[in-house]
> 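Sharing a structure below in structure tokens format, with a few things to ask.
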Amino acid sequence: MNLPPGFRFFPTDEELVVHFLHRKSSLLPCHPDVIPDLDLYPYDPWDLPGKALGEGRQWYFYSRKTQDRVTSNGYWGSMGMDEPVYTSSTHKKVGIKKYLTFYLGDSQTNWIMQEYSLPDSSSSSRSSKRSSRASSSSSHKPDYSKWVICRVYEQNCSEEEDDDGTELSCLDEVFLSLDDLDEVSLP
């Protein structure tokens, strides 16, 4: 689903967890419903355009939490970096962000995935209530507490070395160029 003209999808970590993943795991509607469900693991990262919500050079989708992250050409390996996601207002832990990188054989690529999940403690109470209800109604109902949101992007090596996260405006560049005027002698 495409966003209307003028709208951009650049959510914070907190927004991804609280407004999207938590609602999905709780079986609540999410408006706008723009993030698709995607079984990531049959797809290589360069296959995501057209299948996941793309904004700029980043793709977003829901997937099921799994330990098997193997695709047809490679696998997603953990970078060993897990970060808690906190709310900005109360500093309460609402999620976990796990970093993974894509490997082709033994070679690491520039493809990065940030996998957002709910903390185990917040999903276990809901899943136990839900599983007792689900077992009475249908044994084939999926466990929605096991959803994750993934953000996939290709990291540019030159940006990694040079970019400090800030972008200069035209005025900034003009002011920086004024520093060079000290070296110029005027007639």
Side-chain angles (χ1 to χ4, degrees), residues 1-3 8-25 30 32-86 93-124 127 131 140-168:
M1 178 177 180
N2 292 329
L3 294 172
R8 302 290 178 260
F9 191 75
F10 289 110
T12 64
D13 294 346
E14 176 186 357
E15 290 167 338
L16 281 173
V17 172
V18 173
H19 297 291
F20 291 95
L21 183 57
H22 185 268
R23 293 186 68 79
K24 176 88 168 169
S25 297
C30 188
D33 187 15
V34 294
I35 301 177
D37 296 351
L38 182 67
D39 184 13
L40 165 70
Y41 305 107
Y43 301 108
D44 294 315
W46 47 86
D47 294 331
L48 291 176
K51 294 176 178 58
L53 170 64
E55 184 62 50
R57 293 178 21 207
Q58 298 182 12
W59 291 271
Y60 299 85
F61 54 90
Y62 292 108
S63 190
R64 303 289 286 165
K65 187 186 289 187
T66 181
Q67 296 300 317
D68 182 23
R69 297 182 178 100
V70 177
T71 70
S72 57
N73 291 313
Y75 66 96
W76 289 98
S78 176
M79 297 173 71
M81 296 170 24
D82 293 0
E83 294 178 359
V85 177
Y86 296 102
K93 182 178 175 181
V94 291
I96 300 163
K97 178 167 62 168
K98 180 181 198 85
Y99 288 87
L100 301 109
T101 188
F102 190 73
Y103 289 84
L104 282 173
D106 292 333
S107 301
Q108 182 176 343
T109 68
N110 290 336
W111 287 97
I112 305 295
M113 177 167 55
Q114 297 170 348
E115 183 182 83
Y116 296 85
S117 60
L118 295 175
D120 291 333
S121 61
S122 71
S123 60
S124 61
S127 67
S131 62
H140 301 293
K141 221 172 203 178
D143 181 4
Y144 287 99
S145 67
K146 301 301 179 192
W147 285 103
V148 294
I149 287 185
C150 300
R151 174 191 286 151
V152 176
Y153 58 95
E154 187 173 17
Q155 187 174 27
N156 187 342
C157 292
S158 62
E159 286 179 6
E160 181 180 310
E161 296 166 3
D162 300 336
D163 192 11
D164 63 356
T166 59
E167 188 174 321
L168 295 178

> When rounded to the nearest 0.5 angstrom, what distance separates NZ in Lys93 from OH in Tyr86?
6.5 Å
> Of all the heavy-atom pairs spanning Gly80 and Ser78, show the shortest one and how long it is.
N-OG, 3.0 Å
> Do side-chain atoms of Arg57 reach the backbone of Glu154 as a donor and acceptor pair under 3.5 angstrom?
yes
> Tell me, do Lys65 and Lys98 make a side-chain contact under 4.5 Å, heavy atoms counted?
no
> Establish, from distance only, whether the side-chain atoms of Tyr153 and Gln155 form a donor-acceptor pair under 3.5 Å.
no
> For Phe9 versus Val34, what's the shortest heavy-atom pair and its separation?
CE1-CG2, 4.0 Å
> Quick check: do Leu48 and Phe61 have side-chain heavy atoms less than 4.5 Å from each other?
yes
> Counting C-beta onward and ignoring hydrogens, is there a side-chain heavy-atom pair between Val85 and Leu16 closer than 4.5 Å?
no
> Please output the side-chain donor-acceptor pairs of residues 70-77 that fall under 3.5 Å, not counting sequence neighbours, one pair per line with the distance.
| from | atom 1 | to | atom 2 | distance (Å) |
| --- | --- | --- | --- | --- |
| Thr71 | OG1 | Asp44 | OD1 | 2.5 |
| Thr71 | OG1 | Asn73 | N | 3.3 |
| Thr71 | OG1 | Gly74 | N | 3.1 |
| Thr71 | OG1 | Gly74 | O | 3.2 |
| Asn73 | ND2 | Asp44 | OD2 | 2.5 |

> Does the Lys NZ or Arg CZ of Arg151 fall within the cation-pi geometry relative to Trp59 - under 6.0 Å from the ring centre and within 45° of the axis?
no
> Test your reading of the model: is there a side-chain donor-acceptor pair from Ser63 to the backbone of Val148, 3.5 Å cut-off?
no
> Check step by step if side-chain contact (heavy atoms from CB on, under 4.5 Å) holds for Leu118 and Val17.
CA-CA 7 Å; Leu118 295 175; Val17 172; 3.9 Å; yes
> Check whether any side-chain N or O of Thr101 sits under 3.5 Å from a backbone N or O of Trp111 as a donor-acceptor pair, and report yes or no.
yes
> Minimum heavy-atom separation for Pro119 to Ile96, with atom names?
CA-CD1, 4.2 Å
> Using side-chain heavy atoms (C-beta onward) and a distance below 4.5 Å, is Tyr116 in contact with Tyr60?
no
> May I ask you to check whether Phe20 and Trp147 place their ring centers less than 6.0 Å from one another?
no
> Can you measure from CG (Leu21) to CD1 (Ile149) and round to the nearest 0.5 angstrom?
5.0 Å
> Are Tyr99 and Met113 packed together at the side-chain level, in the sense that at least one heavy-atom pair is separated by less than 4.5 angstrom?
no
> Distance check, rounded to the nearest 0.5 Å: Gln114 atom CD versus Met81 atom CE?
8.5 Å
> Give a yes or no on whether a salt bridge exists between Lys97 and Glu83, defined as a side-chain N under 4.0 angstrom from a carboxylate O.
yes
> Show the numbers, then the answer: is there a side-chain contact (heavy atoms from CB on, under 4.5 Å) between Leu100 and Arg69?
CA-CA 10 Å; Leu100 301 109; Arg69 297 182 178 100; 3.5 Å; yes
> State which residues pass side-chain hydrogen bond (donor to acceptor under 3.5 Å, both in side chains) with Asp39; sequence neighbours excluded, sorted by chain then number.
none
